S.K.: 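Right, I'll just put the structure down here and ask away after.
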Amino acid sequence: MSSLIPLRHLRQLSTTAKSSISISQAKSKLRTEYDPDKALEIYSSVSEHYASPTSSRYAQDLTVRRLAKSHRFADIEKFIESHKNDPKITQEPFLCTLIRSYGRSGMFDHAMRTFDQMDQLGTPRSSLSFNALLTACTNSKQFEKVPQLFDEIPNKHGVSPDKVSYGILIKSYCEAGKPEKAIETLRLMEEKGIEITAVTFTTIFNALYKKGNGEEAENFWNEMVKKGIEVDAAAYNVKIMYVHGGNPDNVKALIEEMANAGLKPDTISYNYLMICYCRNEMMEEAIKVYEGLEGNACNPNAATFRTLIFYLCSSEDYDKAYKIFKRSVEVHKIPDFNTMRHLVEGLVKKKKMKEAKGLIRTIKKKFPPNVLVAWKKVEEGLGLTSSDRNASSVPDDDEAKEATA
DNA sequence: CTAGGGTTAG
């Protein structure tokens, strides 16, 4: 019933692959290529002789994501199915990648069918493919189906669930808003002697907080610590997430507690602190957190720039906001449309026309065409036209910087 | 050893 589509069909999806490129070249190209057809073209031009499994998986994953974003499900099917002709299909990790890719695209039925085909393809089954199937299930948002698979698959195919399988089951209960079922499963793991890691713990801890049950969450934390579980930065970040709406001192205290416990606060931890300062109109403190990131061995991420620039605009510090915006462009982490609109409107209001025009030039180069349609309205609202003479003249320092980036 | 958790919205 399942016909395996020949590899040559993959070529039909893309235009001619002119030259061979290395997997690392493909990866960097794919990261910035959002056109699904071009992504396919890049993928099919890879000479895969020396590609590591991790690299190929990443390139494949990016390609599928581009197609999924454009809802090209028939092409996703052709693309993934073509991989079943690869001799590596008898290797379980390779096949797992296909199952996960279907899951990411919300195509759980295809993932299930691929799992069922394993006998026919000659691929041995272990908890690895079982876990890939469960992951596909949660990624397809079919959380209610996970417990069912958990009941059926192990007996049917002789695979035994491991700590990861149980972790996914727990996650699915949490997503379904049933932390009590998740805790029940945790007790079952304890009975069976299956290791409870920081990952499993954090899933439940977060779900309890999310349900508004902070006290139970804290009790759960304490119980787990007593049992010897080693909480990590991600677990602390959940805690921080639920206190960052209040007093910045609480966030600061938790970050210190983390450091004292020998953990390294990461960008997410510091972002919560920065946001907390912003909300409390303590912009100098917020900027200090941003400027201190590097010294704390952290890099600002897209959210760091987006949030800080937004709040700087709210406090009408457009100079500082513009400076930080330029930095975000240098590291390719440009904020979203709305934040940029706030900034350009503020710059114009303060008659900082050189900066406003610099920003507009950058936006035109960095935003996708469909967003630029809306952006044109912003420009018109500000009385700035696109056919500006300055734009075509000698590049200023903004453009020079971008050219070397 | 990989897989499963936390991504912060003004």
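Given the structure is predicted, the values throughout are model-derived calculations rather than measurements. Within every chain, numbering begins at 1; the chains are lettered A, B, ... in the order of the sequence lines, protein sequences first and strands thereafter.
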S.K.: Send over the distance from A:Phe201 CZ to B:dG6 P, rounded to a whole Å.
M.R.: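 Roughly 13 Å, once rounded to whole Å.
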S.K.: Scan A:Lys163 against the nucleic acid and name what it touches under 4.0 Å (heavy atoms): base, sugar-phosphate only, or nothing.
M.R.: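 If one applies the 4.0 Å heavy-atom cut-off, A:Lys163 turns out to touch a base.
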S.K.: Just to be sure I understand the rule, does A:Thr200 reach a base, reach only the sugar-phosphate, or reach nothing, if contact means heavy atoms closer than 4.0 Å?
M.R.: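 It contacts base atoms.
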S.K.: Measure from the ring centre of A:Tyr311 to the centre of the six-membered ring in the base of B:dG10, then say whether that distance is under 5.5 Å and the planes meet at under 30°.
M.R.: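 Taking the rule of under 5.5 Å and under 30°, the ring of A:Tyr311 does not stack on B:dG10.
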S.K.: Using a heavy-atom cut-off of 4.0 Å across all strands, would you classify A:Ile168 as base, sugar-phosphate, or nothing?
M.R.: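 Sugar-phosphate: the residue A:Ile168, judged by heavy atoms under 4.0 Å, touches backbone atoms but no base.
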S.K.: Determine the contact category for A:Asn206: base if any of its heavy atoms lies under 4.0 Å from a base atom, sugar-phosphate if only primed atoms, P, OP1 or OP2 are that close, otherwise nothing.
M.R.: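 Sugar-phosphate contact only - A:Asn206 comes under 4.0 Å of backbone atoms but never of a base.
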S.K.: Classify A:Ala132 by what it touches in the nucleic acid, base, sugar-phosphate, or nothing, heavy-atom distance under 4.0 Å.
M.R.: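 No contact at all - A:Ala132 keeps every heavy atom at 4.0 Å or more from the nucleic acid.
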S.K.: Can you confirm if the aromatic rings of A:Tyr270 and A:Tyr290 lie within a centre distance of less than 6.0 Å?
M.R.: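 So the answer is no for these two rings.
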S.K.: Please work out if A:Thr203 contacts a base, only the sugar-phosphate, or nothing of the nucleic acid, heavy-atom cut-off 4.0 Å.
M.R.: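 The answer is sugar-phosphate, as A:Thr203 gets under 4.0 Å only of primed atoms, P, OP1 or OP2.
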S.K.: Flag the pair A:Phe205 / A:Phe201 as yes when their ring centroid distance falls below 6.0 Å, and as no otherwise.
M.R.: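 Yes: the rings meet the under 6.0 Å criterion.
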S.K.: Taking only side-chain nitrogens and oxygens of A:Lys171, does any of them come within less than 4.0 Å of OP1 or OP2 of B:dG6?
M.R.: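 Checking B:dG6 against A:Lys171, a side-chain N or O does come within under 4.0 Å of OP1 or OP2.
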S.K.: How about A:Phe73 and A:His71: are their ring centres within less than 6.0 Å of each other?
M.R.: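 A:Phe73 vs A:His71: aromatic centres under 6.0 Å.
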